[in-house]
6 protein chains.
Amino acid sequence: MTDSHETLTHFDEAGRPRMVDVSDKPETAREAVAEARIRMQASTREKIEQGRMVKGDVLAVAELAGVMAAKRTPDLIPLCHPIPISGVRVKTAWEDAAGAGAVLRIEAAVRTTYRTGVEMEALTACSVAALTVYDMCKAVDRGMVIEQIALVYKAGGKSGVFQRTDAQA
Amino acid sequence: MTDSHETLTHFDEAGRPRMVDVSDKPETAREAVAEARIRMQASTREKIEQGRMVKGDVLAVAELAGVMAAKRTPDLIPLCHPIPISGVRVKTAWEDAAGAGAVLRIEAAVRTTYRTGVEMEALTACSVAALTVYDMCKAVDRGMVIEQIALVYKAGGKSGVFQRTDAQA
Amino acid sequence: MTDSHETLTHFDEAGRPRMVDVSDKPETAREAVAEARIRMQASTREKIEQGRMVKGDVLAVAELAGVMAAKRTPDLIPLCHPIPISGVRVKTAWEDAAGAGAVLRIEAAVRTTYRTGVEMEALTACSVAALTVYDMCKAVDRGMVIEQIALVYKAGGKSGVFQRTDAQA
Amino acid sequence: MTDSHETLTHFDEAGRPRMVDVSDKPETAREAVAEARIRMQASTREKIEQGRMVKGDVLAVAELAGVMAAKRTPDLIPLCHPIPISGVRVKTAWEDAAGAGAVLRIEAAVRTTYRTGVEMEALTACSVAALTVYDMCKAVDRGMVIEQIALVYKAGGKSGVFQRTDAQA
Amino acid sequence: MTDSHETLTHFDEAGRPRMVDVSDKPETAREAVAEARIRMQASTREKIEQGRMVKGDVLAVAELAGVMAAKRTPDLIPLCHPIPISGVRVKTAWEDAAGAGAVLRIEAAVRTTYRTGVEMEALTACSVAALTVYDMCKAVDRGMVIEQIALVYKAGGKSGVFQRTDAQA
Amino acid sequence: MTDSHETLTHFDEAGRPRMVDVSDKPETAREAVAEARIRMQASTREKIEQGRMVKGDVLAVAELAGVMAAKRTPDLIPLCHPIPISGVRVKTAWEDAAGAGAVLRIEAAVRTTYRTGVEMEALTACSVAALTVYDMCKAVDRGMVIEQIALVYKAGGKSGVFQRTDAQA
């Protein structure tokens, strides 16, 4: 549970947005893992899997787009620090879908040794990978939904380890 | 309903990714509207609303980040065309949340007069606006989830009007 | 004189920032010219002029940086439209300085055929060219001041021709 | 006073531009503060202040644009190093204007722990914030002038502290 | 054969670099095809081909990097116009190598309907695809050489069709 | 000679592209030097040399474009790490051409103190400098060929010193 007295640190005392000063924080090893899910028609999943076999690998393109997007995070998220990320890994896997259609799970893990964490990089990688799947399949399935973008795990830094629980999910 | 015989046009006959050639398509007025939802603790919503009143407007920063992200779409989505977008609008509103916590809805509308549509621009604007909310509130609520990024409406171009229905949502 | 009843069109009726929709505006030829001045020590001017002769041409680097910056304008100015600029020219010239030191004038002219004007592109080109002069000379003259960035001329579009007058300067 | 024998280090012995090698410089805490001023009609100031109250906050958008621009500095200034900036703060305040109209002062402060300083980042943040004010108000006041972009303060690194004096201003 | 009296149009009469004004040129369909070759050890080719079968497709990553780089051309080449490219295709194929080792040929084709051509976009796509191959294989073959980046074909615009001949190659 | 058992480390065990994790590698001083050659008509060389004397310095623009491109490397090469490069130098020189026409050699040297090397930054700088020469001269010599982009030297890091030999060239 969070303390309701905590304040949003991205604003100064007059309410101006700022990039929080992390000059005094030590450089420590950090890692973050995030996930996204995208729900689609079963026939769209079939097309993607056929492509993976024969020609046109949607998932490989999406994974690569996710890795590249992690590097663009500070350009996109206004108050994010530029971070020398030291490793990025994006992977996709089909899930047993509750409900109609098919569900693809995307997971991104990012590492750095720096003064602040890489949650936003992992979340951005997931999001852009999911958007890339949408882009490549939208001509056959405009109703796809990106369902659940969330932080799964985080380690390093003063706030310690965060591990998503089922209750949260 | 989509035709299961349609192919994924972002690959050529040998399975190589390509930016689809739209040279022969006419320039027509196009619009796309997309949405995202982000679920958070009720106490996080309180902090955001207090900021909006007094100091530190999370939602204004997120809306602006969404507008700017729409312009970066071709840098992020590998096979997207660069598009001269002619208007972008991002807005946020609190929803009656089914289930625990609070839910913020983000809607982005993008317009252009061009050879291809702006669905990806609208979806990217929504996604980055939602990620920006996460970034600014993560210190108080790391368990926030971006729940539902989807296309709401699309007009213009050969494929005509798309309007999301409840069944799809 | 401006009409005090005009509103700031970059916000919607609820105060949200937006990229103004120009879809319905016709494509017309447009041009904008902007200027900047940078005041420096006379000895700094000497160093720049020696470099131009012999080695290390500060002004050529600054002019090129200005041309390139015009292309980055929509990445920098949040509500600017991406514009297919069709020509950019940046030039520098020494002025007779009123007051101490030396004054370099930078002028940028930008052209397009599009739905909205290129004032911001011209102003951004000037500004970045001036910042580049500062960067290259700061080790010898940290007190340089960029004194006057202003629109000089604008043509095309519904608002017609703007020509800066001395009274304005 | 500067030493007239110093050379412009951004060029090599043959006059080629280069990014100066800072590999051998130690990482130290550094800070830079810069400012810009923008002069406008009194009626434009009124519109901005009304927006801040009711709807459409020009100054909040400009401050955010300044923070984001600090991160783009190495993309804009040709020979600037990429720097892991650790904090950025941009603020605006109205000044008692000498002369006609109203004057807005913009101040940007940037911090890092690195091998070279952040003057250019602070100056770029100021400049882009000022350009953003111009963009949002140009429809009502095309004659606005950005009057004075200058370094105010600098600390850290071998060259030590720089503090702008009135004589310089 | 070129006319030795032609001048380099990227400079004005005083030698300043400029983005050439194309405002008065009509929008016409244009296409450019470029190629690059990269020579490597035969054992490196084997590794790439094994990856293509089983895991880790170097060529797919390189082709995608080429498509994306075509969009970044105006950010990289100082005096290039931003161009609304309407289609990009990058493909790779092994060649019968004259001399030692293996040779991969990369071909990029770019199309637009605009006022100026897309040669630079095609050449940039080829170059970055080749650099990406180098990056992914450098740990096993640091001596790879990118041997021949050249324009193959160009159509559209006032200068008409260009077709590379063997004499040129 | 390379060990045929080495694997391509840019892919994980399932063949997914990844940015290799360098978190555990120490920060060490590193340097890389790369080169490119561009072959052109003798008359094109004459035009470039006349420009250098009088007006319009193609080589200065290309050198600067190379320096700036080194900073964009992680945006272009999908699996490259963002690296805090600490120095970049690009230089051009005419070579005695074997065969017809004239040959310009471009050399880029990049330095950093970091966990991974700067070969790709040096190669990207060379490549973009060569493309910039092509861009500025293409109106007079469309048949120019970029002939040989290669790593010349590399020092620092676990793999030690690499020095290109004639046999390799």
Side-chain angles (χ1 to χ4, degrees), chain B residues 27-33 52-53 57-76 80-94 104-115 117-118 120-122 124-126 128-129 132 155-157, chain C residues 6-32 68-88 110-125 127-128 156-159:
Chain B
E27 295 198 345
T28 59
R30 291 155 187 274
E31 181 172 9
V33 180
R52 201 159 175 86
M53 299 308 186
D57 190 342
V58 167
L59 303 188
V61 173
E63 288 165 353
L64 195 67
V67 171
M68 296 180 79
K71 296 191 267 187
R72 312 304 299 269
T73 304
D75 286 349
L76 296 172
C80 260
H81 296 83
I83 294 185
I85 51 181
S86 51
V88 183
R89 178 174 51 78
V90 177
K91 59 184 181 188
T92 55
W94 296 102
L104 180 74
R105 181 175 183 273
I106 299 166
E107 185 187 282
V110 181
R111 296 190 63 185
T112 191
T113 299
Y114 196 57
R115 295 183 168 82
V118 282
M120 294 316 301
E121 281 70 14
T124 301
C126 275
V128 171
T132 300
Chain C
E6 291 178 41
T7 53
L8 300 181
T9 55
H10 285 77
F11 298 97
D12 69 11
E13 65 292 346
R16 292 182 206 99
R18 62 177 173 186
M19 186 193 292
V20 177
D21 186 5
V22 297
S23 300
D24 296 334
K25 298 172 78 173
E27 296 198 346
T28 59
R30 291 153 186 277
E31 181 173 8
M68 295 181 80
K71 296 191 267 188
R72 310 306 300 269
T73 304
D75 285 349
L76 296 172
I77 311 299
L79 303 178
C80 260
H81 296 82
I83 293 184
I85 51 181
S86 52
V88 184
V110 181
R111 296 191 63 185
T112 191
T113 300
Y114 196 57
R115 296 184 166 83
T116 185
V118 283
E119 297 98 305
M120 295 316 301
E121 281 71 13
L123 288 161
T124 300
S127 303
V128 171
K158 211 177 62 176
S159 69

Please round to the nearest 0.5 Å and tell me the distance separating atom CE of C:Met120 and atom OG1 of C:Thr73. 7.5 Å

Using the side-chain hydrogen bond (donor to acceptor under 3.5 Å, both in side chains) criterion, which residues pair with B:Ser86? Sequence neighbours excluded. C:Ser23

Using non-hydrogen atoms and a 4.5 Å limit, figure out which bit of C:Leu79 sits close to chain B: side chain, backbone, both or neither. both

I'd like to check B:Thr92 versus B:Glu63 (side-chain heavy atoms, cut-off strictly below 4.5 Å). Are they in contact? yes

CE of C:Met19 to NZ of B:Lys71, rounded to nearest 0.5 Å, is 4.5 Å

At a 4.5 Å cut-off on heavy atoms, which part of C:Pro84 comes close to chain B: side chain, backbone, both, or neither? neither

With only heavy atoms counted, which part of B:Lys91 is less than 4.5 Å from chain C, the side chain, the backbone, both or neither? both

Does any heavy atom of chain C fall under 4.5 Å from the side chain of B:Val90, the backbone, both, or neither of them? backbone

Toward chain B, the part of C:Val20 with a non-hydrogen atom under 4.5 Å: backbone

Applying side-chain contact (heavy atoms from CB on, under 4.5 Å), name anything that partners B:Ala109, two or more places apart in sequence or on another chain. B:Glu31, B:Val33, B:Arg89

